[in-house]
Novice: 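Structure below; questions to follow.
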Amino acid sequence: MEAELTSFIACSPQEQCQELREYMNELGAEISTQPSPKGMEDDLHKIIGVCDICFQKGTEADIESVLNGIVSVVIIADSQASDGLVLAFCEKLTKAWEPEVKHGLIALKVLRLLFYSLNEFSPMRYHVYYYMVEVAGKVGQMQSVFTNTNTLKKTFTSRPPSSEQLQKLYRLLHISLTNCKMSDDAYKVMLDLLATYTMENASQAREDAQRCIVASLADPNIYIFDHLLPLKPVKFLEGNPIHDLLMCAVYDGLAEYLKFYSGHKEFMQKMNLDHAQMMKKMRILTLISMAEKNNEINFQQIERELQLETNEVEKFIIDALKTKLLTARIDQANRKLSVQSAVKRALSKAHWVQIRDTLIQWKSSIHQMRDNLLELEQPM
């Protein structure tokens, strides 16, 4: 996110409020043209209360100019009143523009201006950003307000949100990114959300964990799920059908999935999980498990274990190879699959030990190579 520059009206805050009151009154808003005896902050509350009329009757240029004018006065209001003014203004901007998308884009620009106009230590920056995400999700502009959660955290370095605020924001980000068809980013945000919980409060994330598992299983591009298992909210679901299904996707094959499905058909429907898509996914995962253990797999074995018709095997293998989860060569003459490599569906302790030993071996080889090169540099 980058700051936007704007120029404000060259007059005093009180004069700006007077101009805003008169403009709103001319549009037909129920607001007096006389200043409030209670002061400028009360004037601003009244102006914000009717500012939505500009979306109904103003031109696009006038709408943005007027709303920017409100920003310029709100940010210099008395600190005791400014928080309430900021929240009231954000709520108006979030709802008043609908359903005209062009007006929504204006509202988003004004919220961005307000966000960057606030002091980096202001607690209001979190709330303004929250409303920005809400509007951006509705007008399809999430890429303009969100990159990733690491960048987001840096944005709030001076005044980090509380754990509860961060969790609330991550939930909204997930919804907004999903609405904008940014499924990969939405999935990563959901993982970051679950990672914010501990065993002490994991029970509060039950719905989030379930939603994350369902989204993972339903995504046609996700096949590896073992990274979900260590998450505390996911652990809290142990013993529930959704956790059993996740374990099946991590470790088991097609036969075990079909056994689960036969006893949980209503549950699958309730979770909006498509059985045909799960069948396809579990067939590919079963093939990966077979490829982990065998360098060669004949078509007859694939046909039997994946419950395919003879004429379906080759097309299925081609589809599986497109996932890049395994590398193999199809031997049509001998009706077999020659496996070169396959990803591991789950990394056990033994796998991590093997990786560690391999890295140690590489390190030793590099050191030996370095020593050999140093010897060559020695004068004869």
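Position 1 is the first residue of the sequence, and the numbers go up from there. No hydrogens, no waters, no symmetry mates; every other heavy atom, side chains included, goes into these values.
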Novice: Count the heavy atoms of every other residue, nucleotide or ligand shown that sit under 6.0 Å from CD of Q300, and state whether that count exceeds 12.
Specialist: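 For Q300, atom CD is not crowded (no more than 12 foreign heavy atoms under 6.0 Å).
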Novice: Test L217 against every option in L228, I222, L245 by the side-chain contact (heavy atoms from CB on, under 4.5 Å) rule and name the one that passes.
Specialist: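 By the side-chain contact (heavy atoms from CB on, under 4.5 Å) criterion, L217 pairs with just one of L228, I222, L245: L245.
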Novice: Can a donor-acceptor pair be found between the side chains of S122 and R159 at a distance below 3.5 Å?
Specialist: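 No pair is found: no donor N or O on one side chain lies under 3.5 Å from an acceptor on the other.
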Novice: I want to check a possible cation-pi pair here: R125 against F115, using under 6.0 Å from ring centre and within 45° of the ring axis as the test.
Specialist: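 Judged by the rule, R125 and F115 form a cation-pi pair.
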Novice: Both conditions, 6.0 Å and 45 degrees, for the charged tip of K336 above the ring of F299: are they met here?
Specialist: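 No cation-pi geometry.
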Novice: With heavy-atom distances below 4.5 Å as the criterion, would you say the side chains of L258 and M282 are in contact?
Specialist: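 Not in contact.
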Novice: Donor-acceptor pair, Q165 side chain versus S162 backbone, under 3.5 Å?
Specialist: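 Such a contact is found between Q165 side chain and S162 backbone.
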Novice: With side chain to side chain contact (heavy atoms under 4.5 Å, CB included) as the criterion, how do R345 and Y251 come out once you've worked through the C-alpha distance, each side chain's angles and the decisive distance to 0.1 Å?
Specialist: CA-CA 7 Å; R345 291 175 59 186; Y251 296 111; 5.6 Å; no
Novice: What's the shortest heavy-atom distance between I106 and E60, and which atoms?
Specialist: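 Answer, listing the atom of I106 first, then E60: CD1-O, 3.8 Å.
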Novice: So, E120 and S158: side-chain donor and acceptor under 3.5 Å apart, yes or no?
Specialist: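 Indeed, the side chains of E120 and S158 share at least one donor-acceptor pair under 3.5 Å.
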Novice: Looking at side-chain heavy atoms only, is the closest gap between V73 and M40 below 4.5 Å?
Specialist: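 Yes - at least one pair of side-chain heavy atoms lies under 4.5 Å apart.
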Novice: Any chance you could lay out the salt bridge (Lys or Arg N to Asp or Glu O under 4.0 Å) test for E200 and K232, step after step, and finish with the verdict?
Specialist: CA-CA 9 Å; E200 286 71 27; K232 302 298 188 301; over 6 Å; no
Novice: Counting distance only, does the side-chain N/O of N240 pair as donor-acceptor with the main-chain N or O of L237 below 3.5 Å?
Specialist: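 Yes, the answer is positive, given that a donor and an acceptor are paired below the 3.5 Å cut-off.
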Novice: Under 3.5 Å, is there a donor-acceptor pair between the side chain of R206 and the main chain of V234?
Specialist: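 No.
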Novice: Side chains of T94 and E91: any donor to acceptor distance under 3.5 Å?
Specialist: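 No, because no side-chain N or O of E91 sits under 3.5 Å from a partner of the opposite role on T94.
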Novice: Assess the pair Y257 and H275: is the distance between their ring centroids shorter than 6.0 Å?
Specialist: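 When the ring centroids of Y257 and H275 are compared, they turn out to be within the sub-6.0 Å range.
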Novice: Does any donor atom in the side chain of N201 or T198 lie under 3.5 Å from an acceptor atom in the other side chain?
Specialist: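 T198 and N201 do have a side-chain donor-acceptor pair below 3.5 Å.
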Novice: Let me see the working for I330 and I318 under side chain to side chain contact (heavy atoms under 4.5 Å, CB included), right down to the final yes or no.
Specialist: CA-CA 9 Å; I330 301 175; I318 293 171; 4.0 Å; yes
Novice: Taking F156 as the fixed residue, which of F121, Y130, Y129 is the one that meets the ring pair (Phe, Tyr, Trp, His ring centres under 6.0 Å) rule?
Specialist: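 So the option named by the test is Y129.
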Novice: Pairing donors with acceptors under 3.5 angstrom, does anything connect the side chains of T151 and N148?
Specialist: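 Yes - a donor-acceptor pair under 3.5 Å links their side chains.
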Novice: Compare every heavy atom of D226 with every heavy atom of A346, then report the nearest pair and how far apart it is.
Specialist: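 For A346 versus D226, the nearest heavy atoms are CA-OD2, 3.6 Å.
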Novice: Would you confirm whether E15, through its side chain, and S12, through its main-chain N or O, come within 3.5 Å as a donor-acceptor pair?
Specialist: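 Pair found, side chain donor or acceptor close to backbone of S12.
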Novice: Is it the case that the side chain of N294 and the backbone of M290 share a donor-acceptor pair, with hydrogens and angles ignored and the cut-off at 3.5 Å?
Specialist: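 Checking the backbone N and O of M290 against the side chain of N294, a donor-acceptor pair under 3.5 Å is found.
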Novice: Using every non-hydrogen atom in the two residues, find where A328 and L321 come nearest and quote the distance to one decimal.
Specialist: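 Minimum heavy-atom contact is N-CD2, 3.8 Å.
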Novice: Testing the basics here: between L67 and C54, what is the closest heavy-atom pair and its distance to 0.1 Å?
Specialist: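 Looking at all heavy atoms of both residues, the shortest contact is CD2-SG, 4.1 Å.
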Novice: Under a plain distance cut-off of 3.5 Å, with no hydrogens placed, do T149 and D192 share a side-chain donor-acceptor pair?
Specialist: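 Yes, because at least one side-chain N or O of D192 sits under 3.5 Å from a partner of the opposite role on T149.
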Novice: Quick one: does any side-chain atom of K92 pair with a main-chain N or O of G49 as donor and acceptor, under 3.5 Å?
Specialist: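 Yes; at least one donor-acceptor contact below 3.5 Å.
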Novice: On a heavy-atom basis, which atom in L326 and which in A291 lie closest, and how many Å separate them?
Specialist: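 Distance-wise, the nearest heavy atoms are CD1-CB, 4.1 Å.
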Novice: Please tell me if the side chains of Y197 and S203 come closer than 4.5 Å, counting only heavy atoms from C-beta onward.
Specialist: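 A side-chain contact is absent here, since even the closest heavy-atom pair is not under 4.5 Å.
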Novice: Is a donor from one side chain sitting under 3.5 angstrom from an acceptor on the other, for Q18 and E22?
Specialist: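 E22 and Q18 do have a side-chain donor-acceptor pair below 3.5 Å.
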Novice: Is E309 reaching over with its side chain to a backbone N or O of N311, donor-acceptor style, under 3.5 angstrom?
Specialist: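 A pair under 3.5 Å: no.
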Novice: Treating S176 as the side-chain partner and L173 as the backbone partner, does any N or O pair qualify as donor plus acceptor under 3.5 Å?
Specialist: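 Checked: no pair found.
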Novice: Counting N and O atoms only, with roles assigned by atom type, does the side chain of E256 sit under 3.5 Å from a partner on the main chain of G253, one being a donor and the other an acceptor?
Specialist: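 Judged by distance alone, yes, a pair lies under 3.5 Å.
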Novice: Do I75 and L44 share a hydrophobic cluster, counting only Ile, Leu, Val, Met, Phe, Trp and Tyr and linking them when any side-chain heavy atoms are less than 4.5 Å apart?
Specialist: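 The answer is yes; both residues are in one hydrophobic cluster.
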Novice: Distance only, no hydrogens: is a donor on one side chain within 3.5 Å (strictly under) of an acceptor on the other, for S216 and Y187?
Specialist: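 The answer is yes; a qualifying pair exists.
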Novice: If only side-chain N and O atoms count, and only distance matters, is there a donor-acceptor pair under 3.5 Å linking T310 with E303?
Specialist: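 A donor-acceptor contact under 3.5 Å links the two side chains.
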Novice: Working note: I288 + T323, criterion side chain to side chain contact (heavy atoms under 4.5 Å, CB included); need CA distance, chi angles, decisive distance, verdict.
Specialist: CA-CA 11 Å; I288 292 171; T323 66; 5.5 Å; no
Novice: Would the distance check show the side chain of K281 and the main-chain N or O of A276 forming a donor-acceptor pair, the cut-off being under 3.5 Å?
Specialist: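 No: the side chain of K281 does not pair with the backbone of A276.
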Novice: Test side chain to side chain contact (heavy atoms under 4.5 Å, CB included) on M268 and F260; report intermediate values, then the result.
Specialist: CA-CA 10 Å; M268 293 285 288; F260 173 89; 4.1 Å; yes
